[in-house]
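Data block below; observations after.
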2 protein chains.
Amino acid sequence: MLSHMKDYFTPGEIAARFDLTLDTLRYYEKAGLLRRVDRAPSGHRRYRADDVELLHLVRCLRDTDMPISRLREFAELVRDGDHTIPERVEVLQSHQHRLSAHIDQLRERQEAIRHKIDYYLGVLSDRPELTRRPEGSEDTPTPAPAALSDTAALMTDSTVKENA
Amino acid sequence: MLSHMKDYFTPGEIAARFDLTLDTLRYYEKAGLLRRVDRAPSGHRRYRADDVELLHLVRCLRDTDMPISRLREFAELVRDGDHTIPERVEVLQSHQHRLSAHIDQLRERQEAIRHKIDYYLGVLSDRPELTRRPEGSEDTPTPAPAALSDTAALMTDSTVKENA
DNA sequence: ATGGGACCTGGAGCGCACTCCAGGTCAAGC
DNA sequence: GCTTGACCTGGAGTGCGCTCCAGGTCCCAT
């Protein structure tokens, strides 16, 4: 009752599960991110639970921009046995820290973009004639009152000198 | 008193301020991310406040992975005048939403990585002989007690079938 | 037996965003 | 007058991470 359940996954199943192409899967294997995967007599790959698990982690790490080369090093540690666990922890922690810093930086940039949007929205409420209207129809031929320079928005540092 | 202050920036200054190389700066200009920048009689570029400002936004958008092609479109809108402000807002808002989703995804992945680290730390506290020691010196020749399969950590979905 | 589908291989190709290079100009300082 | 350093040009090259391809095998259903 417990020995006739499927104990492997086909390439197609794995590709679907992780949203990767067969090519990418093979590429990962060639690149050493997965151990040499088992084969059916036909030559087709048979992925085991271990592969699925490692692939899950690989996915996380790739999605967070760990380069293939570092992932390969990590995978080698996994293959080298349990005694490499302390080193694996170091690799993951250092990646984690980089990731935190990256997320923080993204948030800062997001803030800046938000400010720019707000600045634009302010311009639009000061000059409603710029607002997009449904279709055609100009209510004034838009005499262009000395085009806005946009200056000052996003100028957060002190580098802006007086213009002559 | 207000007309003899520097009203431009040299390429070197701009590169330093935005932490870009001169090559990248020229590449951005060629790619249409900046308007054709002013020149000194010598042919050297002279960046104005407007360029600095746009570059600031370009930096934010590139740092948040907006592709060069979309940035070029945005820069064209800026060049086309104030009447494109509504469209610029749309571009920025849509980028913002993608960015939020991306940040959320990064955080999820970070959680998963954290769990893996915790799992490893748990293994280390169960099997202290695996812990990295200062240098050399084995207290047991490490008889490798049936290598851990690692299975179960990170297996969050229900796809894991029984193994034969 | 025939066709279709899933998969195999080695190797070439691609898109992106830079990055580098050779050879040249210009302005300032010694 | 000569060197140095900052910058110029057009164009080629690079690294990364896939992605595509031609030609082949295997197995199953009609």
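Proteins come first, then strands; the chains are lettered A, B, ... in the order of their sequence lines, and each starts at number 1. Reckoned from all heavy atoms, side chains included, excluding hydrogens, waters and symmetry mates.
Straight-line distance from the CG atom of B/D19 to the P atom of C/dT19: 11 Å, rounded to whole Å. Rounded to an integer number of Å, the gap from A/D63 CG to D/dG17 P is 13 Å. Atom-to-atom, CD1 of B/I14 to C1' of D/dC8 comes out at 17 Å; the value is rounded to the nearest Å. Across the protein-nucleic acid pair, B/H44 atom NE2 and D/dC8 atom C1' stand 6 Å apart, rounded to whole Å. Look at CZ on A/F9: it is 19 Å from P on C/dA6, rounded to the nearest Å. Residue B/R46 contributes atom CZ, which lies 10 Å from atom C1' of D/dC7 at whole-angstrom precision. Taking atom CE of B/M66 as the reference point, atom P of C/dC18 lies 14 Å away to the nearest angstrom. The nearest whole Å value for the distance from the CG atom in A/L20 to the P atom in D/dC20 is 14 Å.
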For nucleotides 1-3 of chain D, give me every protein contact, N/O to N/O, under 3.5 Å, one pair per line with atom names.
none

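With B/R59 contributing its side chain and B/F18 its backbone, the two residues share a donor-acceptor pair below 3.5 Å. Using a distance-only test at 3.5 Å, with no hydrogens or angles considered, a donor-acceptor pair links the side chain of B/E29 to the main chain of B/V37.
A salt bridge between A/D51 and A/R35 is present, with a side-chain N of the basic residue lying under 4.0 Å from a carboxylate O of the acidic one. At a threshold of 4.0 Å, the pair B/E73-B/R70 does not count as salt-bridged, since none of the basic side-chain nitrogens sits closer than that to a carboxylate oxygen. Between B/D38 and B/R45 there is no salt bridge, since none of the side-chain N atoms of the basic residue sits less than 4.0 Å from a carboxylate O of the acidic one. Using a 4.0 Å cut-off between charged nitrogen and carboxylate oxygen, A/R72 and A/E76 count as a salt-bridge pair.
Donor-acceptor pairing under 3.5 Å is recorded for the side chains of B/T64 and B/H95.
Side-chain nitrogen and oxygen atoms of A/S42 include none within less than 4.0 Å of the OP1 or OP2 phosphate oxygen of C/dC8. Side-chain N/O atoms of A/R45 include none lying less than 4.0 angstrom from OP1 or OP2 on C/dC7.
Contact record, B/L106 with A/D63: CD2-O, 3.6 Å, taken as the closest heavy-atom pair.
Mapping B/I68 and B/G43 onto DNA chain C by nearest heavy atom places B/I68 closer to the 5' end of the strand.
For the segment residues 30-41 of chain B, the set of residues with a heavy atom within less than 4.0 Å of an atom of DNA chain C is empty. Residues from residues 21-28 of chain A with heavy atoms under 4.0 angstrom of DNA chain D, sorted by number: A/D23, A/T24, A/Y27, A/Y28.
Judged by the 6.0 Å and 45° rule, B/K116 forms a cation-pi pair with B/Y120.
Comparing D/dG17, C/dA6, C/dA17 by their closest approach to the side chain of B/P67 singles out C/dA17.
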